[in-house]
Structure formats: C-alpha cells, structure tokens
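Keep in mind it's a predicted model, so treat the numbers as computed, not measured. When reading the values below, keep in mind they use all heavy atoms of this one structure, side chains included, and skip hydrogens, waters and symmetry mates. Counting starts at 1 for both ligands and their atoms, following the listed order.
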Amino acid sequence: MRTVEALLLSLTLCLGGGQADNGASTKPNIIIILIDDMGINDVSFHGSNQILTPNIDALAYNGVILNRHYVPNLCTPSRATLLTGKYPIHTGMQHFVIINDEPWGLPLSERLMPEFFRDAGYSTQLIGKWHLGFWRKDMTPTLRGFDHHFGYYNGYIDYYDHSNHMLNRNFSKGVDFRRDLDPWPAANGSYATDVFTAEAKRVIQDHDTSRPLFMVLSHLAVHTGNEDNPMQAPEEEVAKFGHIQNQKRRTYAGMVSSLDKSVGETMQALADRNMLNNSIILLYSDNGAPTVGIHSNAGSNYPFRGQKESPWEGGIRSAGALWSPLLKERSYVSNQVIHAIDWLPTLAAAAEVPLPPNLKLDGVNLWPSLSTNGEPQPRRLLHVMDDVFGYSSYMRDNLKYVNGSSFQGQYDSWLGDLDESEDDPFSSFYVQHVLSSKVHEVLGSAALTNERITELRAEATQRCPPNQQNYTEPIYVCEPLKAPCFFNLDKDPCERYNLANIYPLQLQLLEQEVEQFRQSALPSARVPRSDERCDPVLHGGYWQWWNATILPNSGVAKQTLPLWSFVYSILALSLIYVQF
Ligand SMILES: *[C@@H]1O[C@H](CO)[C@@H](O)[C@H](O)[C@H]1NC(C)=O
Ligand SMILES: *[C@@H]1O[C@H](CO)[C@@H](O)[C@H](O)[C@H]1NC(C)=O
Ligand SMILES: *[C@@H]1O[C@H](CO)[C@@H](O)[C@H](O)[C@H]1NC(C)=O
Ligand SMILES: *[C@@H]1O[C@H](CO)[C@@H](O)[C@H](O)[C@H]1NC(C)=O
Ligand SMILES: *[C@@H]1O[C@H](CO)[C@@H](O)[C@H](O)[C@H]1NC(C)=O
Ligand SMILES: *[C@@H]1O[C@H](CO)[C@@H](O)[C@H](O)[C@H]1NC(C)=O
C-alpha cells in the first residue's frame, strides 16, 4: 500500500511539472520553423520588395525581429549547433556536411535539445530534414530524442518524388522519406513544403494539449532538389512572379512563397487549437543562401558579403524572428547579437526546462534580454573554424576577423543585388498585404499600426554606404587567402574596409582569441570515406542506416575474389589447353 501511494505521489509530481489544474499544459509549446538556405534579403521584412513574404513578416512585426541573428555557415554544423547549444568545434561537426555515403554523424555522446524537452514532459516532433547522420540506426531522429519524425535524413531530396540521387557516385537513386523508421512512399508526387505543412497541421490537430509540444518544422525549402532538377516550385506559385526576369530566381520566388503560405497555415492550426496563447515560435534560416556555385538557388544575402559556406556575413547572418505572448516586449527590432548556440539555453529557460549543469554549453540564455528589449550584451562568437579547408571567422562585439576563405575565394564578393525594376507590383500595398495575411489575422496586435510596420521595416533594412572609391585602396583591400583581415561591422557591416594594415595590434589580439578557441577544438568527426553499403539498391530503394549491411560480394571474399578468379582462369585455360 505504502509503495503504491509513493508511486502515485511520484507519478503526480512527475506529471505535475507540465500541468495546470485544468489539465492544460502550463509549459509553453515550442515551435521552431527552420528554413534551409534562404538569404536574408529574401524575406520582405528586411526591405526587399521583390519577393513578398507577408506571413513571415507578420510574425516578425508582431514579435521580435532578430536583426543580428548568427548561424554556422552550413547545414550540418548549423543543425548540430541548434540541437546541442555548442559550437561545431566542440562536437566535432565543424568541417563540411554529411554526404550520404559517409559513415559519420553527430556523436552519440551529445545529448540533444529534444531529449531535455521530452524529459520535461514534452511531446517532441521533427518534421522534415535531419542531416545529422543516419549510417547507424541509433543516429536517426527517433532514437535521439524525437518521439516522432516525418521526413528525410540527407541534405536534400526531390520536392516531388522525395528521392535523393547522388550523381557524382554510382549509387542507385533512392527515396529518402520516412514516417518514423518506416519508408513512406504515400506522399510521392506531392510538393515537399505542402507535405511537411500538412504533417505539422496533423501533429497540431492530434496533439494532446495536456502536454506541451516541442516541434521542429525543418523545411526542405528553399534548398535545391537533386542536381538534375534543382529548382522546383508549384507552377501557380511561380506564376505570381512574372516581374522577375531570371527564370531561376523566379522559381526560387515560388519556393519562398510556398514556404510563406506554410507559415500562415501552421500558425492558423496552432490558433485553431487555442495553443498560440502559450507558445513560442522561432523562425530562421539555417545559413545564408548559396547565390551561385554548388546547390545554388539564386537566393540573395545582399548587401552582405559572400554567401553560404563562406566566412562572410552573407553566410552567417540569418533572417530570424521570434514571437510569443510570453515576451514582455514585442514589435521591436532586436540588435542583440544572438547565435544558434543560444537557442537551447534560451528556450529551455523560457520554458523552465532544466538542463544538466555539466553540459558545457557555449550558448547563453538571452530570454530575459529578448523578452524586455534589454540593452544588447557584448558577445564573442566563433563563426567558422574549419582547419581542414583552412579558414576561420570570428567576432568580438563589432570587430569581425576573417582568415582564409572557402572555394579559393571565388564567392568572396557581394552577390545577389536585386534590381528595383523587378519589384513586385503589389509592393506599393506592402503594409496592407502584411495586415491581411493569415498570420496577422491570428496574432493581430492592434498596436501594430501601418506606421509602426513601416518604421520596423526601415529599421531592419540594411543599407551600406555607397561604395566610396577609397575602399579599393590597397591599404583597405582584404585578401584573406594571403593574410587575415578584420572589419568594424558597426561602421562597415558590408565588410569592405579591411583594417588589418591600419591596426596591426588589434589584429594580433583577435588572432590570439581565435587561437584560444582552437585550443578547445575537437578534431573533425567527419569520415570523408565513401561506404558503398549505403547504396539504396541494398535497402529496397530507400536511403537507410547501413552499418550492419553486408555487401552481396563483400569483405574478405571480395578482396580475395580477383586472386581466386585469376587462379580459376589459369586452371580453366589449362583445362581448355589440355582438352585440345
Ligand atoms: C550498428 O549500429 C547499432 C546501433 O544502431 C549497434 O548496436 C551495432 O553494434 C552496430 N553494428 C555494427 C556491425 O557496427
Ligand atoms: C562510376 O562508374 C563509371 C563507369 O563504370 C566509372 O567510370 C566511374 O569512375 C564511376 N564513378 C565512381 C565515383 O565510382
Ligand atoms: C513516384 O511516382 C512516379 C509517378 O507516378 C513514379 O514514376 C515513381 O516510380 C514513383 N516513385 C516511387 C519511389 O514509388
Ligand atoms: C489559452 O487559451 C485556452 C483556451 O481559451 C485556455 O484554456 C488557456 O488557459 C489559455 N492559456 C494561457 C496561458 O493563457
Ligand atoms: C572613405 O572616404 C569617405 C569620403 O569619401 C569617408 O567618409 C570615409 O570615412 C572613408 N572610409 C574609410 C574607411 O577611410
Ligand atoms: C590563419 O591562417 C593561416 C593559414 O591557414 C594559419 O597558418 C594561421 O594559423 C591562421 N591564424 C589563425 C589565428 O587562425
């Protein structure tokens, strides 16, 4: 009897953590909408009039515009950072992305954000992209803290048949789409953004509101699809962008606009379940857009320098917005420097989800500051440290240090400038557009006047001083492949004036700080080896974990095969010889 009572008591205590008397959850729902490869200049709240994103903008204007939001410059490191609260150098994830056939992933020794939220009573859901390793089954999302996963393991898939085809290897084309651990062919033919949105709505509709919800909606959009058909959007969406001449950019606009619709529908679903009044919504892009080059989608990070997988602001400054009724101050532009390392401690603090004290997080809890529009705190951020490719990028407050570059410096310039003659004709009614969006309809703060929207938009629009002739003077020129550079982002957010030649002592200090970070770096966890056991033909036409897969003619047998066949041929030949 006593033990039963004790059991019941501890059960009540356990469940009590997340519940109010009426059975409704008291912990806030956490919804993270993660966008893939979208440029900071591709949402209209940062001032662009070419692709209007009224739903995303309404979320930003009703909440907090994260105007100095930083992320690692590539998919895998960026996602590892979000889920661990640590720099990629502290998890071994700093070098490149996980290629389908490489046997590695986010080390199993790391505990992830969904595990902490699940332990605190949350239902934990991942919809869409993973890209943190799948060669072992225990590296896949439902074995790493997510109760449910619906989506794909690799970097990208075809938007319609959800296959991933590695053209540079001889693997068969494989479908990369699952519901939990099971292959999921049922969505074949449907546009990925819509499929993920429908699943998000289903999760929200079926959610047991006596528990809090932790959902990461990790879109394929606006990453490219397979290399032989990279740009994919529904025709009716692309048709809205007749004002854009470049066909690639026009299709990209259709991808962005489908995504914007998705944000509207997801927010509507939360509103329909009365969940919004106790939710935190975070939306951001995992890294800057690849304007040109590998997997380029014609996205724009302009006026910032560089692009995805570069050390520049264009690769690491990400469009982001935060909304919640729990924020004491809303409808403002935050100039607090915030990084993906900060979301784990920040969201956990906001939801009073306990984190183990020995986690060695790199991020800090910025909720108090974001919630009150507090004075921006000074930060030191390591943006990139890839000692295999040999480049790094670091920031102390407004001083930005760059050493080396990616792709031999090919993408070091200012890419993706948009032509004003290609503005959306509806942009003259921009504010009305935002106010009549689905998201504004469900969040609709009356305090958000036309004037306030215009003000917020102007404040979140980055204009760099026009190119003054002096920026090409040798003393200011940055050649990061030859020597490190540094910039004052406060005065020079577009990284034009290298100050290294003028302030050599300051440069030295920055170098020492980077060197300190290097002392704490783990070796890269990447295993840059192609493991042919991943071939989908061995797994029923699907991409699947393969660590226990045995090749049909494998191992010892395979290595000795040439020798045996050689001996056999000799024997056969001699038999033939003897016969005749
Ligand atoms: C494969 O990974 C599983 C976990 O998913 C592990 O238990 C097993 O030992 C591994 N097998 C081999 C052959 O590496
Ligand atoms: C793929 O197969 C072709 C033809 O057999 C061969 O020439 C090529 O080297 C192979 N590529 C790889 C990456 O194995
Ligand atoms: C998906 O549908 C297309 C068109 O019906 C079909 O050709 C293709 O084989 C399907 N793919 C899979 C993996 O079932
Ligand atoms: C949110 O709204 C629901 C339904 O109106 C209500 O039961 C709940 O108490 C509200 N929660 C908060 C935190 O206001
Ligand atoms: C470049 O020249 C302009 C005047 O043309 C001046 O205002 C600006 O401060 C100069 N920039 C630097 C970094 O010297
Ligand atoms: C800058 O790059 C050079 C060349 O790769 C390297 O030797 C040096 O250690 C780097 N400096 C820092 C502080 O990272």
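In this comparison of Leu510, Leu481, Asn403, the heavy atom closest to atom 12 (C) of ligand 6 sits on Asn403. When the heavy-atom distances from atom 10 (C) of ligand 1 to Asn547, Ile550, Thr140 are ranked, the shortest goes to Asn547.
The presence of a protein heavy atom under 4.0 Å from atom 5 (O) of ligand 6 is ruled out. There is a protein heavy atom closer than 4.0 angstrom to atom 14 (O) of ligand 6. Within the 4.0 Å cut-off (strictly below), a protein heavy atom is located near atom 2 (O) of ligand 3.
Less than 4.0 angstrom separates some heavy atom of Glu511 from each of these atoms of ligand 6: 13 (C). Atoms of ligand 3 found under 4.0 Å from any heavy atom of Val175, numbered from 1 in the order shown, are 13 (C). Proximity to Asp138 (heavy-atom distance under 4.0 Å) selects the following atoms of ligand 1: 4 (C), 5 (O). Atoms of ligand 6 found under 4.0 Å from any heavy atom of Tyr401, numbered from 1 in the order shown, are 11 (N), 12 (C), 13 (C).
Ion pairing between Arg169 and Glu532 fails under the 4.0 Å rule for side-chain N and carboxylate O.
The side-chain hydrogen bond (donor to acceptor under 3.5 Å, both in side chains) with Asn100 is formed by just one residue from the set Asp176, Asp535, Asn164, Asp531; it is Asn164. Of the listed residues (Asn287, Asp37, Thr291), just one forms a side-chain hydrogen bond (donor to acceptor under 3.5 Å, both in side chains) with Lys308, and that residue is Asp37.
At least one heavy atom of Arg518 sits closer than 4.0 Å to an atom of ligand 6.
Judged by a 6.0 Å distance limit and a 45° cone about the ring axis, Arg178 is not positioned over the six-membered ring of Trp184.
Taking the six-membered ring where the residue is Trp, Tyr159 and Tyr191 present parallel rings, their angle staying beneath 30° rather than reaching 60°. By the 30° and 60° cut-offs, the orientation of the rings of Phe517 relative to Tyr87 is perpendicular.
For atom 7 (O) of ligand 1, the nearest non-hydrogen atom of the protein is Arg136 NH2, 4.5 Å.
Annotation: His383 is in aromatic contact with Tyr70 [ring centroid separation under 6.0 Å]. For Phe304 and Trp414, the ring centers sit 6.0 Å or farther from each other.
Contacts between Asn188 and ligand 3 below 4.0 angstrom, taking non-hydrogen atoms only, involve the side chain exclusively.
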